Each structure stands twice: as structure tokens, then as C-alpha cells.
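Right, one structure below, let's go through it.
Since we're looking at a predicted model, the values are computed, not measured. Letters A, B, ... are given to chains in the order of the sequence lines, protein chains preceding strands, and every chain is numbered from 1.
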Amino acid sequence: MEKNIIKYIKEGLETIYKAEIYDLNISVEKTREGIDGDYTVVVFPLVKYSKKKPEDTARDLGVFIKQRFDDIASYNVIKGFLNFKMTQEYWINRLKKLTLNNDRQKNGGEQKIMIEFSSPNTNKPLHLGHIRNNLLGDSVSRILKAAGNDVIKVNLINDRGIHICKSMLAWTKWGENSTPDSTNQKGDKLVGEYYVLFDKKYKEQIAELVNTGMTEDEAKEKAPLMLETREILQKWEAGDKDIRSTWAMMNSWVYDGFEQTYNKLGISFDKIYYESSTYLLGKELVSTGLEKGIFTKDPDNSVWIDLTEEGLDRKILLRSDGTTVYMTQDLGTAFERFDEFNPDKMIYVVGNEQDYHFNVLKKIVGRFDADYSSKIEHLSYGMVELPEGKMKSREGTVVDADDLIEEMILTATKISEESGKMDDLSESERERIIKMIALGALKYYIIKVDPKKQMTFNPKESIDFTGNTGPFIQYTHARICSILRKAEQMNIKFIGKISTETQLLNCEIKILSALTEFDEIINESANRLDPGIIANYIFSLAKEFNQFYHDHSILKEKNAEILQFRLQLSHQVARTIKNGMELLGIEVPEKM
RNA sequence: GGUCUAGUAGCUCAGCUGGAUAGAGCAACGGCCUUCUAAGCCGUAGGUCUCAGGUUCGAAUCCUGACUAGAUCACCA
């Protein structure tokens, strides 16, 4: 549509004004609310070609286009704005096209994109922050795929490093061989407890040492627990059998726990990487880098890269004791992935606290291979805060993922019981729908916010089921499904022809116009890596439809053609809601 | 202190690649269920788009500076 208008505008400028077009800056927008028209061209930027007043230019172009473009019913000029109204026929054809064309057309620019998200640390059960990460990664993957790309979802599990040794040490010392089975606890929760326990005991030791006159920094290094932890790390890297088997066992507990949470969230991966198996590659790269002179070695044997020329700092890649750091592992993993999959793009979904890290990673990769470096993209998202501020594990304000999901399900159960709408459904059916609603509310609440913005998670609001929420959209879908079911019972088929003479209401055109935008919205959302664009789009579509639903009856419409039109329109709205919500990882029920 | 990100209604957020009168939801107040699902719809009220300059026919949007908040600058990850 817009392309056609732009084409005619260009033609018009050339024909009427004999203008030479050098910079085509035409914006075609949807006409503003309250003004007669469907599409609007802003003519201010065009006066440099016409050398006439904006209003005269708009009028000239209006006449020109109206003569040539059959789909335009009328036009009007207000100040520098040229508004076009499309014909009824045009809109009815749009609906037909939507009905026929069940597969959306692809973007064209198909790429192989690898996207890493979740990236949990085996010491910490998943919490609210991870939920944002997971939902974002999952949703962006779906959107990129819908935009025609080949997407590989990967997870990188941070299963080694000094912090992992801490929980191992604590469990060995005080765990008394407890297991998830013996304590009847999710594996990730059990391990998480020992990590917390380590921290507690470690702090006690520091305090004691400080009392004996040590400085705090010194105490942190000299505390027996820290020394033991470092020893474990070295043994681990040396492949010590006992250490490795404890490590493998505890990790398997954690993976079971994570798997359960991922399942509840409906999230999956195509490939899982473990840092324990990629960090050595990082070490190799460090030696290559040293040979090539990319890195330098300090007298104490630690290895560094100097990025001061690029406005960053010196960054460590290998500790003086030869063990690896975060950056080393990430470097190894990145190269492994490029070598194995050769993606056109590698997206990391990681919180904005790591902006600096990824900046450095990109630069270091660039020293090896400029091409790889240019393909790395950090989808940086803002932190999730609570109304009372940051989540702090020490103060116990961390919102656990499993608890949160549980609570959402309880609330959804309560609300649906109160409404009584699902009383005649079977137990299992009811349970299925309640889960959909609970997760829909949670997911939508988080995903609707622009990823790069820091967001406030208000527990009270998140369980709200009215207004701009997941359940509101799900409800709209369920109502449409109900109508379509009834239509079927009444034996009304909605595949019939609609005469182009059918008179459409403004609100119907508005809905139709929104429906035709869907593909474009997906592409925009994919380009900007922002699922929030889709969330907001579906919300406004649902809102438009609800207004229409309230003001006009569908099934009681006497005119057969209008009835036909409304049924098909509703059907398309339901389809778009379903498809759109799917891109957010949210299911929609047919009854609720 | 350096760097990055953000600041829009009481609260949570859209709008930001410049266009007409800055939009939703929540909360508040007032209406609408013998009528396709009221998890809905309609209305009232609520704004110096942090501030000050600049660019432009036109700025919430772009630029500069200030202020405020967050992140980061580790032999943590």
C-alpha cells in the first residue's frame, strides 16, 4: 500500500513539477484519529521539489494520484497533510487476501542467526531476572524466525569457575551427603543453599581475621575457605577424580531443577554449551594470541590485552596461576560457535550490567577476526527491580522463578473460580487453561516493556488480569472463538464471498487496517529485537476489536454479506492474536 | 572521576529513523449485564514530555550542556 502511494508521489513530482528526485523522503502514515482518511502523506519535505506552498503541493499531488490510483476513494488536504481515503472495495480485497494468504510472506533477508540466552549459573536457582532473560531470548528467537531467519537457540551453562567450587566445598563440608531426593528439594535449590551457606561462613571467617588486625582485602584472600576453594579450582582444572565426580553429581541435580523450570516456562534450546567444555579452547586462543602479539604476559605469568587505545582498559585473560577467567571462556565459546555453525549473526541476550564485558569481547574477537567481530551483537536488557528497589539475596527479596509461577497459578485459579466461567469444563481442561492464563499474565507483563529499559516488577500489578495484560488479550481471543463456534452451530459457513458493495463501518476498517500491518510489525520487531512492539500491537488490536464487539452484534446481523464480513474479520483477528501471542511465547485459550 | 543507559499523568508503560490536538493500562470518580463470554465497554479527572539552550516551516523525538537515577570501569561471573 505504502509503496504504491510512494511510487505515485514520486511520479507526480516528476510529472507535475518536472522535478529531479535526489532524496526521496516520503513518509506515509496511518491517518490520525479524528481526521477523515486512511493514509496520510506529509508533504512538507516535498516542497523543495514543487517549489510551491505545502497546501498547493498537496492538492496537485492529490489530483494526480486520485486520477491514477483506483483504490483511492477520495482525498483531502489539511495544511501540509494529504489524506487519502481508500475504497470499500480496497478494504474488502485486503480481507480476502488475509483469508487466502495463510502463510505470511517472508522478509527475504534470511540469515542464520545464533542466539544465546538464559546462561544460568549452576549456583543460583532461576529468579525474576532470569525470567526476563529467558522470555526475551525465547520471544526474540520466535520473532526472528517468523521474519524468515534460520534461528539456532543456544544456552551456555556456567558450570565451572571459582564460584562453583564454593558450593561444592560447602556441600562437602556441611552437606552430610544430602541429595535432592533425601531432602525432597529441587536440585538447583539445594545447591543454591550451599552457595549461600558458603558465603555466610566465609564472611564469618573474614570478620574473625579482621578482628585479629588484618585488613579486609587481606582477610578475603587469606580466609581458609577461600584458600580451600582455590585449591579445589586448581584440582578441578587438573582433572582431579574426586572433585570432578562431586562436581558432576551436583551439576546433574541443578540441571534437573533448571529443566523443570524451563518446562514450566515453555522454553527450549537447540543446543546447550557447557563452559567446562569450552574454556580450554579459550586457553588455546590465549596461546595463539600471545604468539601473534595480540596479548602480553606480565612477569607474574598473567596474560593481558591492552585496549587503552580503543578507550577501554587492560583486561586480564589468564590468571597468574594459569586458570581462566570469564572472558577466556567466552572467547573460546564464541570461536567454537563460529567454526561449527558459521552464523551470520550471533546475538547474546545478557543483562546491561555486562555491556562492558561484551564491548571488550567484541574488540578481542576483532583482533583475531574482524568478520566474526562484526557479527556479534549484545541484546542488552535492563535490570528488573521491585517497587522497593533492587532484589537483594541478602535481604531475601529475590523473587524465585518457581515461586512466582506457582503464585500466578494460584491467583488465576482463584479468579476463574470466582467468575465461574469454566465450571462446566473438565478438571484437566480447566487446569490447562488456568496455566495458560497465569503464564500469559506473567509473560506479557514482562515482555511488553522495551528490553533496554530497566523495569519495575510490581507483584500486585503483575497478577492483574484486566487492562493491558495477557489475560485481556486471551479473553478477547476466547470470545471470538466462542462466536465462531456458535456460527458453526448455526450452520453459517464463513468462507462465503463478500460483495465489494458491502458498506463497511469505520471501526471495521480500522480493525482491518490494523490486521494488514501485522507482517510489517513482525519485521520491525525483528529488526529492533524488541518483542514489546508486538505486545503493544496485539493489545491495541484486541482493544479495537472489543469496542467493535461491544457496539455491534455479529451473529445477529440480518444482512448476510455483512454477517459474512464480520465473521471473517473476527476470524482474522483471532488468528492474528494467536499468531502474535505465539511470538511472545504465550498460548491463547479458546474458552476462558 | 571516565564510559554507557534512562528520565513522558499519582503508579507502570507506549510514542523517539522530526509532523496535525502527547497516548494506553492501573489507581480515583460516574455510567452499561432479561442482548454473540462484564477478565468487557463508555465517560470524568489527571501533563511545563526533568531543566536550559540550539538546529528546523515544525522538537517528547535530533544536537549541546546541566540535574537526577541505574549500570560498569576486579587475578568475580
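- With both ends at atom C1', the span from B:rG10 to B:rU55 equals 35 Å, rounded to whole Å.
- Remark: B:rG19 base-pairs with B:rC57; criterion is Watson-Crick or G-U wobble with both hydrogen-bond distances under 3.5 Å.
- Listed in residue order, the members of residues 121-128 of chain A having a heavy atom less than 4.0 Å from RNA chain B come to none.
- Taking only distance into account, the side chain of A:Asn352 never meets the base of B:rA6 through a donor-acceptor pair shorter than 3.5 Å.
- Comparing the same atom, P, in B:rU44 and in B:rG65 gives a spacing of 44 Å after rounding to whole Å.
- Of the candidates B:rA71, B:rG40, B:rG25, the closest approach to any side-chain atom of A:Phe539 belongs to B:rG25.
- The CG-C1' distance, from A:Asn546 to B:rU37, rounds to 11 Å in whole Å.
- Residue-to-nucleotide proximity on RNA chain B shows that, of A:Leu82 and A:Asp313, the 5′-proximal contact is made by A:Leu82.
- A donor atom on one side chain and an acceptor atom on the other are not found under 3.5 Å apart for A:Asn458 and A:Tyr445.
- No hydrogens or angles were tested; on distance alone, nothing pairs the side chain of A:Ser419 with the base of B:rA38 as donor and acceptor under 3.5 Å.
- A side-chain hydrogen bond (donor to acceptor under 3.5 Å, both in side chains) with A:Asp450 is found for one member of A:Gln454, A:Lys448, A:Lys452 and no other, namely A:Lys452.
- The distance from atom CD of A:Glu55 to atom C1' of B:rG58 is 14 Å, rounded to the nearest whole Å.
- Picking from B:rC36, B:rC41, B:rU72 the nucleotide with the shortest atom distance to the side chain of A:Glu353 gives B:rU72.
- Of the listed nucleotides (B:rU37, B:rC4, B:rC41), B:rC41 has the atom at the smallest distance from the side chain of A:Asp551.
- B:rG25 is paired with B:rC11 under the Watson-Crick or G-U wobble criterion, all donor-acceptor distances under 3.5 Å.
- With its glycosidic angle more than 90° from 0, B:rC32 adopts the anti conformation.
- One interatomic measurement links the two molecules: NZ of A:Lys362 to P of B:rU72, which rounds to 22 Å at whole-angstrom precision.
- The nucleotide whose nearest atom lies closest to any side-chain atom of A:Gln547 is, among B:rU37, B:rC42, B:rA77, B:rC42.
- A:Ile577 and A:Ala542 get closest at one heavy-atom pair: CD1-CB, 4.4 Å.
- Every side chain to side chain contact (heavy atoms under 4.5 Å, CB included) that A:Thr308 has, sequence neighbours left out, goes to A:Asp306.
- Within residues 157-168 of chain A, the residues that place at least one heavy atom under 4.0 Å from RNA chain B are, in residue-number order, A:Asn158, A:Ile162, A:His163.
- Applying the side chain to side chain donor-acceptor pair (under 3.5 Å) rule to A:Gln474 yields no partners; only residues at least two apart in sequence or on another chain are considered.
- A gap of 15 Å separates the P atoms of B:rG70 and B:rU12, to the nearest Å.
- Atom P of nucleotide B:rU72 and atom NE2 of A:His378 are separated by 12 Å, given to the nearest angstrom.
- Rounded to the nearest Å, the gap between the P atom of B:rG25 and that of B:rC62 is 26 Å.
- Using N1 to N3 plus N6-O4 or O6-N4 for Watson-Crick, or N1-O2 and O6-N3 for G-U wobble, each under 3.5 Å, B:rG40 pairs with B:rC32.
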Less than 3.5 Å apart, which donor and acceptor atoms pair up between the side chains of residues 117-126 of chain A and the rest of the protein, not counting sequence neighbours?
{"residue": "A:Ser118", "atom": "OG", "partner": "A:Asn134", "partner atom": "OD1", "Å": "2.6"}
{"residue": "A:Ser118", "atom": "OG", "partner": "A:Tyr262", "partner atom": "OH", "Å": "2.5"}
{"residue": "A:Ser119", "atom": "OG", "partner": "A:Glu116", "partner atom": "OE2", "Å": "2.9"}
{"residue": "A:Asn121", "atom": "OD1", "partner": "A:Asn123", "partner atom": "N", "Å": "2.8"}
{"residue": "A:Asn123", "atom": "OD1", "partner": "A:Ser167", "partner atom": "OG", "Å": "2.5"}
{"residue": "A:Asn123", "atom": "ND2", "partner": "A:His163", "partner atom": "O", "Å": "2.7"}

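- By the side chain to side chain donor-acceptor pair (under 3.5 Å) test, A:Thr323 is found to be paired with A:Arg319, A:Asp321, residues two or more places apart in sequence or in another chain being considered.
- Remark: the A:Glu524 side chain and the A:Tyr537 side chain contain no N/O donor-acceptor pair separated by less than 3.5 Å.
- Side chain of A:Gln329, nearest nucleotide from B:rA77, B:rC36, B:rC41: B:rA77.
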Each nucleotide of nucleotides 7-19 of chain B classed B (base within 4.0 Å of a protein heavy atom), S (only sugar-phosphate) or -, in 5' to 3' order, makes S---SSSSSB--B
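- Side chain of A:Tyr475, nearest nucleotide from B:rA38, B:rA6, B:rG70: B:rA38.
- The interatomic distance linking A:Asn359 (CG) with B:rC4 (P) rounds to 10 Å, in whole Å.
- The side chain to side chain contact (heavy atoms under 4.5 Å, CB included) check on A:Leu505 picks up A:Cys507, A:Glu508, A:His552, A:Arg566, with sequence neighbours excluded.
- Between A:Tyr475 and A:Phe472, the ring centre distance reaches or exceeds 6.0 Å.
- Atom NZ of A:Lys452 and atom P of B:rA71 are 19 Å apart (whole Å).
- The nucleotide B:rU64 finds its pairing partner in B:rA52, both defining distances of the Watson-Crick or G-U wobble pair being shorter than 3.5 Å.
- Among pairs with a residue in residues 473-487 of chain A, none fulfils salt bridge (charged side-chain N to carboxylate O under 4.0 Å, His left out), at least two apart in sequence or across chains.
- Within the shown strands, B:rA71 is the pairing partner of B:rU3 under the Watson-Crick or G-U definition, both distances less than 3.5 Å.
- Non-hydrogen atoms lying under 4.0 Å from RNA chain B are contributed by A:Ile437, all within residues 432-442 of chain A.
- Listed by chain and number, the residues in a side chain to side chain contact (heavy atoms under 4.5 Å, CB included) with A:Asn76 are A:Asp36, A:Ile78, A:Asn83 (sequence neighbours excluded).
- Judged purely by atom type and a 3.5 angstrom limit, A:Asn133 uses its side chain to pair as donor or acceptor with the backbone of A:Val349.
- For A:Trp247 and A:Tyr274, the gap between ring centers reaches or exceeds 6.0 Å.
- Position along RNA chain B of the nearest nucleotide to A:Met327 versus A:Ile78 favours A:Ile78 as the more 5'-ward residue.
- For A:Lys543, the listed nucleotide lying nearest its side chain is B:rG25; candidates were B:rA77, B:rA20, B:rG25.
- Computed from coordinates, the A:Phe465 CZ to B:rA38 P distance equals 18 Å when rounded to whole Å.
- Of the C1' atoms belonging to B:rA45 and B:rC26, the separation is 15 Å, rounded to the nearest Å.
- No donor-acceptor distance shorter than 3.5 angstrom exists from the side chain of A:Ser302 to the backbone of A:Leu318, with no hydrogens or angles considered.
- A donor atom on one side chain and an acceptor atom on the other are not found under 3.5 Å apart for A:Gln568 and A:Gln572.
- Rounded to the nearest Å, the gap between the P atom of B:rC32 and that of B:rA38 is 16 Å.
- Remark: the separation of the C1' atoms in B:rA14 and B:rA22 is 11 Å, to the nearest Å.
- Atom CD1 of A:Ile473 and atom C1' of B:rG25 are 11 Å apart (whole Å).
- When the side chain to side chain contact (heavy atoms under 4.5 Å, CB included) test is applied to A:Thr296, the partners found at least two apart in sequence or on another chain are A:Trp304, A:Arg314.
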